[in-house]
Amino acid sequence: MPRARGSKHPADGLPRRRVAAIQRRLLRWYAAHRRRLPWRRARPDPYRVWVAEIMLQQTQISTVIPYYERFVARFCNVAALAAADEEEVLALWSGLGYYSRARSLLRSARLLIERHDGRLPRQRDLLESLPGIGRYTAGAILSIAFSQPEPAVDGNVRRVLTRLMLTKQKPVQRSRCQRTAAGRPRRAGAPAPGAGRFSEPTAAELEVRARDLVSSVPPADFNQAIMELGALVCRPSAPLCATCPLSRVCEARRLGVQEQVPSPRKQPATVRQSRAVALIHNNGRVLVERAFSPGTPRGLWDLPGTLIPENSEPRRHLERHLRSQGLGTRVGARLACVEHGITFRRIRCTAYETVLDGSALSESPAAGRPARRWVERSHLRSLPMGSAARRLLASCRRPI
DNA sequence: TATGCGTGGAC
DNA sequence: TGTCCAAGCAT
C-alpha cells in the first residue's frame with residue numbers, strides 16, 4: 001500500500017508525531033520493565049521462539065515456563081522434535097491443555113525437516129502454512145526471531161491498541177458517511193462493533209495499525225513491549241493507567257472509558273457434568289485407559305471412568321460401568337473429588353479406589369473398548385495423562 | 001463468522 | 001468451594 005504524502009498514516013489517520021511518541025515511550029518503558037523469560041535471549045533461537053509462542057497461545061506465562069524448560073531440554077531443536085514419538089511429546093504437554101497444539105507442533109517439525117531443511121521459514125505465507133501457526137504466531141516468529149517489521153496482534157495488543165486509538169461514535173444518524181476507526185466508510189447497515197458508544201477497530205484495522213507502529217523500530221523489542229504492556233499495565237480490568245507510559249496519548253483514558261473497552265466477549269453458558277473414575281491398582285501398578293470417556297482429551301491416558309447421568313448415584317453407576325467393561329468389581333472408598341474443565345464444560349470428577357487382580361484383565365482391548373494398560377506408578381509421568389489421573393495422583397498422599 | 005479445544009488463577 | 005475469565009488456531 002503506497003503511503004500517502006503528508007504527516008498522516010493512510011489507514012488510521014494517526015499523525016506521525018503520535019506514532020513516534022508511542023514508539024519512543026513504549027520502548028523506553030520496556031527497557032526498564034521487561035521480564036526475564038527463558039525464551040528471551042540476546043540472540044533468539046527461532047526454534048525456541050516458536051515453541052514458546054505455541055505454548056503461550058491462550059496460556060499464561062507463569063503456567064508455560066516449567067513446561068517450556070522441560071520441553072526444550074528434551075527436544076533442543078527441530079530435528080530432535082521431529083524424531084520424537086507423539087506420546088512423548090504429549091506427555092511433556094500433559095497439563096498444559098489444548099493438546100492439538102502439541103500434535104501440530106510435532107507435525108510442523110516433521111514438515112520443516114521434509115521441506116525446509118529443518119529451519120523455520122522467514123516468509124509469512126510459508127510460516128502460516130504450517131499446522132498451528134496463524135496470523136499472530138507467524139508475526140511473532142518473524143519479528144522476534146528474524147527481526148522483521150511484522151505485526152503480531154494478540155489479545156494484549158488488541159486491548160492496548162483499541163484503548164489507545166478508540167473513536168467515539170457520533171450520536172448522529174449513521175449511514176455510509178459513518179467512518180470506522182481506520183477512517184474508511186463503514187458498510188451501510190453494518191453493525192458497529194463494541195458496546196455501541198464507541199467504535200472499536202476490526203482485526204484487519206488493528207493489524208494495519210500494528211504494522212505502522214512496528215515499522216522503523218526494532219521489531220522484536222517493539223512487539224514484545226506492547227504485549228508486555230498489555231499483560232502488566234493495560235490489563236483487562238483495573239488497568240494501571242497511573243503508571244502507564246502511554247496514558248497521555250490514550251484515547252480511552254482521555255474519555256475515562258478504559259475499563260469499558262474492548263467490549264467483553266459473550267461467555268458461553270457453563271454446562272456441568274459429573275464423572276466418576278476408578279483408581280484400580282494392583283502390586284504398585286495402576287490401570288489406565290486411553291481417551292475414551294468424555295472428559296479426557298484425545299490421545300491422553302486417564303483412569304477408567306464414565307460420565308454420571310443426572311440424579312444417578314456415582315458409585316453405583318461407576319460399578320455398573322466397570323462391570324460392563326469387563327472390570328467386574330466393587331469400588332471402594334472415595335478418594336478425592338477433582339474438578340476440571342473441557343473448554344467451557346466443567347466436569348466434576350469423583351475418584352474411587354479399587355483393587356483388582358491384575359491376572360483377571362487382559363491388556364488387549366476388545367472391540368469397542370478403550371485401550372488399557374497397567375503402568376508402574378513411577379512410570380506414569382512418562383505417559384500423557386488426562387487431568388483426572390494427573391491431579392488425583394499428584395494429590396493422593398496414600399501409597400498405592 | 002461461530003464453535004470447539006484445557007487449564008490455572010483471581011476473587 | 002464456586003464462579004468467572006483469558007483471547008489463538010482449526011474447522
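In what follows, chains carry the letters A, B, and so on, assigned in the order in which the sequence lines appear, proteins first and then strands, with residues in each chain numbered from 1.
- Using bins of under 30°, 30° to 60° and over 60° for the plane-to-plane angle, the ring pair A:W29/A:H33 lands in the parallel bin.
- Contact between the side-chain N/O atoms of A:R390 and the OP1/OP2 oxygens of B:dT7 is found at a separation under 4.0 Å.
- Between the side chains of A:Q224 and A:R40, a donor-acceptor pair is found at a separation under 3.5 Å.
- Nearest nucleotide to the side chain of A:Q60, out of C:dA7, C:dG8, B:dG9: B:dG9.
- Between the P atoms of C:dA7 and B:dC11, the separation comes to 15 Å (whole Å).
- Spacing of C1' atoms, B:dG9 relative to C:dC9, comes out at 23 Å, to the nearest Å.
- Under the 3.5 Å distance criterion, with hydrogens and angles disregarded, a donor-acceptor pair is assigned to the side chains of A:E53 and A:Y136.
- Contact check, A:Y99 against B:dT7: a side-chain N or O comes under 4.0 Å of OP1 or OP2.
- In the model, A:Q58 has no side-chain atom that pairs as donor or acceptor with a side-chain atom of A:R101 under 3.5 Å.
- Nucleotide B:dC5 holds its C1' atom 13 Å from the CG atom of A:L96, rounded to whole Å.
- Here the P atom of nucleotide B:dT7 and the CE atom of A:M55 are 14 Å apart, to the nearest Å.
- In this structure the side chain of A:P245 never reaches within 4.5 angstrom of the side chain of A:R28, judged on heavy atoms.
- Judged purely by distance below 3.5 Å, without hydrogens or angles, the side chains of A:R285 and A:N282 never pair a donor atom with an acceptor atom.
- Distance, A:E53 CD to C:dG8 C1': 11 Å, rounded to whole Å.
- For the segment residues 123-148 of chain A, residues with any heavy atom less than 4.0 angstrom from an atom of DNA chain C are, sorted by number, A:L130, A:P131, A:G132, A:I133, A:G134, A:R135, A:Y136, A:T137.
- Although no hydrogens or angles enter the test, the distance criterion places a donor-acceptor pair under 3.5 Å between the side chain of A:D45 and the main chain of A:Y47.
- Of the P atoms belonging to B:dG6 and C:dT3, the separation is 23 Å, rounded to the nearest Å.
- For A:T63 against B:dG9, no side-chain N or O and base N or O form a donor-acceptor pair under 3.5 Å.
- If you check C:dA7, B:dG9, B:dG6 against the side chain of A:T59, the one that comes closest is B:dG6.
- Straight-line distance from the CG atom of A:L206 to the C1' atom of C:dG8: 15 Å, rounded to whole Å.
- Residue A:R159 is in sugar-phosphate contact alone, with no base atom involved, counting any heavy-atom pair closer than 4.0 Å across all strands shown.
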